[in-house]
Amino acid sequence: MRIRIVDAFADRPFTGNPAGVLLLDDPFPDDDWLQKVAAEVNHSETAFAHRLPGGGEADWALRWFTPVTEVAMCGHATLATAHVLYATGAHQGLVRFATRSGVVIATPHEDGEITLDFPTAPLTEVEVPAGLADALGAEPVATFDTGPNVGDLLVELADEKTVLELTPDHRELGGCSSRGVIVTARAEDPTLGADYVSRCFFPNVGIDEDPVTGSAHTALAPYWSARLDRDDLTGLQASRRTGLIHTGLRGDRTLLRGRAVTVIDGELLA
């Protein structure tokens with residue numbers, strides 16, 4: 001079958017976040033095979049999708065795997081999958097994906113961008129976990145649980161510089177949340193073209209630092225929309241590869257808008 005590597009939330013190759021994408025002719029095979037393929041691809045996520053019968057609430061079934069486990073939500077691999085569907089002609093127009101997080105929607109635009117419609121993460125302020133400041137190497141301003149779909153700890157830090165220069169202890173961070181830790185601060189440098197900056201660390205699912213994380217922005221969008229009193233914002237995920245995500249808060253739904261680029265198109269022989 002065909003396997004593709006797509007850089008998501010990117011307008012050129014080798015930026016954004018790479019994801020493996022496989023469009024299956026039949027329903028999902030056993031989980032062990034899916035996990036082995038994801039481990040072989042060895043990107044933060046590999047997406048597997050197959051077409052569903054017409055007349056239902058969704059058009060395609062979609063699952064996401066890191067190199068070590070399946071996850072409940074992934075934005076960049078959804079964007080990558082939608083990009084492949086449109087680029088190959090497998091689907092046209094709005095596409096509804098049935099996922100572990102419910103139905104998520106992708107809508108293409110004439111300029112090549114794609115908008116994802118995801119559930120907004122519920123934020124609950126929590127006490128700073130013991131050891132978090134030492135693991136991060138920075139003092140948190142506030143910490144929030146992001147609910148079951150995202151499963152991260154959202155941490156506001158003092159300023160943009162602290163976020164950009166952070167060198168955390170990934171092993172110690174693993175004990176601070178079920179999936180990982182999102183760190184964020186208000187953007188200060190106007191040349192970044194963003195309202196807020198973030199970085200994402202997911203040692204519990206085999207990813208020390210994720211390049212650009214769509215699911216994290218379902219928590220970042222409501223957090224910064226409330227702080228900045230605007231529903232439509234731009235977030236910069238300041239990893240080595242970097243990526244911009246345009247977010248739109250729509251109540252219990254969050255819109256994530258970006259581009260994707262196919263960089264590898266090959267054949268899976270296993």
Worksheet item: So which of D252, V150, V103, V104 actually passes side-chain contact (heavy atoms from CB on, under 4.5 Å) with P119?
Response: V104

Response to the item:
Which of T184, L192, V183 passes side-chain contact (heavy atoms from CB on, under 4.5 Å) with V197? It is L192

Between [X] and [Y], is there a donor-acceptor pair closer than 3.5 Å when you use the side chain of the first and the backbone of the second?
| X | Y | answer |
| --- | --- | --- |
| Q237 | L244 | no |
| S239 | P211 | yes |
| T162 | L157 | no |
| D59 | R96 | yes |
| T120 | G251 | yes |
| D152 | G180 | yes |

Discussion item. Taking the basic N atoms (NZ, or NE/NH1/NH2) and the acidic carboxylate oxygens, is any pair closer than 4.0 Å for K161 and E188?
Written reply: no

Worksheet entry | Residues R230 and D195 bridged, charged N to O under 4.0 Å | yes

Would you check if [X] and [Y] make a side-chain contact, meaning some heavy-atom pair closer than 4.5 Å?
| X | Y | result |
| --- | --- | --- |
| L153 | T146 | no |
| L116 | L79 | yes |
| P18 | V6 | no |
| P67 | E40 | no |
| H83 | I114 | yes |
| R4 | I264 | no |
| T66 | I207 | yes |
| I3 | V41 | yes |

Between [X] and [Y], which heavy-atom pair has the shortest distance, and what is it?
| X | Y | value |
| --- | --- | --- |
| A106 | A82 | CB-CB, 3.7 Å |
| T242 | L236 | CB-CD1, 4.4 Å |
| L62 | A49 | CD1-CB, 4.0 Å |
| A219 | L154 | O-CD2, 4.2 Å |
| T218 | M73 | OG1-SD, 4.1 Å |
| T254 | P222 | OG1-CD, 4.4 Å |

Worksheet item: Taking only residues two or more places apart in sequence, or in another chain, which ones meet F144 in a ring pair (Phe, Tyr, Trp, His ring centres under 6.0 Å)?
Response: Y223

Discussion item. Tell me every residue that passes ring pair (Phe, Tyr, Trp, His ring centres under 6.0 Å) with F65, counting only those two or more places apart in sequence or in another chain.
Written reply: F48

Under 4.5 Å between side-chain heavy atoms, hopping through other hydrophobics if needed: is there a path connecting [X] to [Y]?
| X | Y | result |
| --- | --- | --- |
| L23 | V95 | yes |
| V126 | V155 | yes |
| L94 | Y86 | no |
| F201 | V128 | yes |
| V71 | F118 | yes |

Nearest 0.5 angstrom please: [X] [atom1] to [Y] [atom2], how far?
| X | Y | atom1 | atom2 | answer |
| --- | --- | --- | --- | --- |
| E160 | S198 | CD | OG | 11.5 Å |
| Q35 | D30 | CD | CG | 11.5 Å |
| W60 | L85 | CH2 | CG | 5.0 Å |
| D134 | D169 | CG | CG | 9.5 Å |
| L173 | N204 | CG | CG | 9.0 Å |
| E156 | I182 | CD | CD1 | 13.0 Å |

Item to complete: Start with the C-alpha gap between D111 and R259, add the side-chain angles, then the distance that decides, and say whether side chain to side chain contact (heavy atoms under 4.5 Å, CB included) holds.
Response: CA-CA 9 Å; D111 64 1; R259 299 178 183 271; 4.0 Å; yes

Fill in: R240/E209 under salt bridge (Lys or Arg N to Asp or Glu O under 4.0 Å): CA gap, chis, key distance, verdict
CA-CA 9 Å; R240 181 177 58 84; E209 181 167 5; over 6 Å; no

Assess the side chains of [X] and [Y]: does a donor N or O sit below 3.5 Å from an acceptor N or O?
| X | Y | answer |
| --- | --- | --- |
| T247 | W224 | no |
| N17 | D210 | yes |
| R199 | T213 | no |
| T115 | H109 | yes |

Discussion item. Using the rule given for side-chain hydrogen bond (donor to acceptor under 3.5 Å, both in side chains), can you reason through W64 versus T78, listing the C-alpha separation, both sets of side-chain angles and the distance that settles it, and then say yes or no?
Written reply: CA-CA 8 Å; W64 311 282; T78 304; 3.1 Å; yes

Worksheet entry | Worked verdict on R2 versus D265 for salt bridge (Lys or Arg N to Asp or Glu O under 4.0 Å) | CA-CA 7 Å; R2 299 285 287 278; D265 187 342; 2.7 Å; yes

Discussion item. Could you go through R257 and F9, starting from their C-alpha distance and side-chain angles, then the distance that decides it, and tell me whether this counts as side chain to side chain contact (heavy atoms under 4.5 Å, CB included)?
Written reply: CA-CA 8 Å; R257 183 163 173 157; F9 296 112; over 6 Å; no

Fill in: side chain to side chain contact (heavy atoms under 4.5 Å, CB included) between I245 and V212, intermediate numbers included
CA-CA 8 Å; I245 299 182; V212 190; 3.7 Å; yes

Worksheet entry | Stepwise side chain to side chain contact (heavy atoms under 4.5 Å, CB included) check, Y196 with L220 | CA-CA 9 Å; Y196 58 90; L220 289 162; 3.8 Å; yes

Practice prompt. Let me see the working for R241 and D7 under salt bridge (Lys or Arg N to Asp or Glu O under 4.0 Å), right down to the final yes or no.
Written response: CA-CA 10 Å; R241 293 172 65 102; D7 288 345; 3.2 Å; yes

Discussion item. Show, in sequence, the C-alpha distance, side-chain angles and deciding distance for E70 and R100, and conclude whether the salt bridge (Lys or Arg N to Asp or Glu O under 4.0 Å) test is met.
Written reply: CA-CA 10 Å; E70 185 174 7; R100 287 175 58 181; 3.8 Å; yes

Worksheet item: Does atom CD of E57 have more than 12 heavy-atom neighbours, drawn from other residues, nucleotides or ligands, at distances under 6.0 Å?
Response: no

Worksheet item: Is the Lys NZ or Arg CZ of R63 less than 6.0 Å from the centre of F28's six-membered ring, within 45° of the axis?
Response: yes

